[in-house]
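Worksheet for the structure shown next.
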2 protein chains.
Amino acid sequence: MVRRGRHAGAWKNVVLTQDEQFALKRRALLRQAARAFSEKGYHDTSLTDVAKALGVTKSALYYYVDDKQEILFECHKLSHDFGDQAIEYAEKHGRNGREKISLLVRTYLELLTSELGACAVLLEFNALTPANRKIIGRRRDTFEHYFRKLVQTGIADGSLRKVDPKLTVFFFMGAVNWLTRWFDPSGEHSGEHIAKEFAGLLDAAIRSR
Amino acid sequence: MVRRGRHAGAWKNVVLTQDEQFALKRRALLRQAARAFSEKGYHDTSLTDVAKALGVTKSALYYYVDDKQEILFECHKLSHDFGDQAIEYAEKHGRNGREKISLLVRTYLELLTSELGACAVLLEFNALTPANRKIIGRRRDTFEHYFRKLVQTGIADGSLRKVDPKLTVFFFMGAVNWLTRWFDPSGEHSGEHIAKEFAGLLDAAIRSR
DNA sequence: CGCTTAATTGACTACAAGGTCAATTTCTTG
DNA sequence: CAAGAAATTGACCTTGTAGTCAATTAAGCG
């Protein structure tokens, strides 16, 4: 969906500009859809439902989005942005493989849990169009590949025991993706707590003794 | 689907009885559907596709099954049977919490990977009918609850460190459910290998040092 | 062979839900 | 206020696919 522009005027108004309102509403739409997707799954979520939840008609949604698939695609992209952020952070502050992994995991989980709506969609990978699947798949591969290399680094620098990097990454990614299904922001465990606990579990699983 | 019986005759023939053939074909249908479900997801799998893969018409499927939902339901039940088997085995041969968990994990994963078709469906939980979801959900809860108690046992008997039982179980269940998405029976890692590795990772994550 | 039941087919229906579009209301601005 | 653009609506079209059913073919059996 590409927004057709309209001249924004010489100076920003105090209230929101049309473009900002557009962006805001679109975001609300994405959030609501993502929430619904994670609850009932992509295919069982009708756009009519989403629209109703937003107090609007299905037709209105199509003003902000080309089609249903675009929503899902956008959600996936948003989720992967968190991965990128986490990588950046880990790379900057970690001093060896083990530290970087702990930071990566913890940061990633904190971001995910803080804005879960966008991410609960990770499980809906095969609801993506083949074309989109290719794009998202590539991004996921990049993430996992980086993660795997981190494990190898850790083994090389002695901070980790000798585990299978590939399986270790899969092991953890599963735990994370699954998290998006049971995590409840208003539940007994806070996102930070879970992030810390999971990071601790993984760390214990792979650190050198 | 309840099979309407027909008198089976006085002695079992050398060849398959009709009932046996029925059961066999039905099983083949379930396997094929499960395979398709795990590849493309429940909703993106049309029964026409499944039928075609079996060299038959969609209508023929309805001779063995009441509806599409029954297939999914059946697959879920099958998957959980593995869980029960694994519990039984672990309970019989494990001598403390840690041992039981290792056995449970390993057995469960070996069963899953050996007949993955039936289990790749675990991710399609919310494609279940509300009624069926309740049934399967209850069964899943039972499994997870048993697992959790095992962790508590392990902590109590000193074989495990002090981890959060609930989060630990979720952590692992995620890894398992995710496995069903990437595991390839003809891939580089055998099911046994993965079972062993995963069990090792979890064990390292939670054992007392 | 000929009767009965199992098994399968193909044509058909039902319907949910994605998507379109002209018409209408609401906003913004000169 | 008036004009034009933004935003939204409701009616409608389209399609994919689950599910039905009478009719047909294949199997078993006396």
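A note on names: the letters A, B, ... follow the listed sequences, proteins ahead of strands, and every chain is numbered from 1.
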Within the structure, does a side-chain N or O atom of [X] lie under 4.0 Å from either OP1 or OP2 of [N]?
X     : N      : value
A:Q21 : C:dT28 : yes
B:Y63 : C:dT8  : no
B:Y62 : D:dC21 : no
B:K25 : C:dT8  : yes

Under 3.5 Å side-chain donor-acceptor pair for B:E39 and A:N126: no

Which nucleotide in D:dG19, C:dT8, D:dA11 has an atom nearest any side-chain atom of B:K58: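 Closest nucleotide among those given: D:dG19.
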
Which nucleotide wins on minimum distance to the side chain of A:S59, given the candidates D:dT8, C:dG10, C:dC21?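 Nearest to the side-chain atoms of A:S59, counting from C-beta on, is C:dC21.
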
Pick the nucleotide of DNA chain D nearest each of B:T45 and A:Y64; which residue has the one closer to the 5' end?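 Going by which nucleotide is closer to the 5' end, it is A:Y64.
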
Evaluate the criterion side-chain contact (heavy atoms from CB on, under 4.5 Å) for residue pair A:I101 and A:D203; output intermediate values, then yes/no. CA-CA 8 Å; A:I101 286 180; A:D203 184 58; over 6 Å; no

Whole angstrom is fine here: how far is it from [atom1] in [X] over to [atom2] in [N]?
X     : N      : atom1 : atom2 : result
A:Q69 : D:dG16 : CD    : P     : 16 Å
A:D67 : C:dA17 : CG    : P     : 17 Å
A:L61 : C:dG19 : CG    : C1'   : 12 Å
B:H43 : C:dA16 : NE2   : C1'   : 12 Å
A:K68 : D:dT15 : NZ    : P     : 18 Å
B:K52 : C:dG10 : NZ    : P     : 12 Å
B:K40 : D:dG16 : NZ    : C1'   : 13 Å
A:F22 : C:dC27 : CZ    : C1'   : 16 Å

Below 4.0 angstrom, N of the basic side chain to O of the carboxylate: do B:K166 and A:E188 qualify? yes

Residue among A:Y146, A:F147, A:F82, A:F143 satisfying ring-ring contact (aromatic ring centres under 6.0 Å, His included) with A:Y108: A:F143

Centres of the B:F170 and A:W182 rings: under 6.0 Å? yes

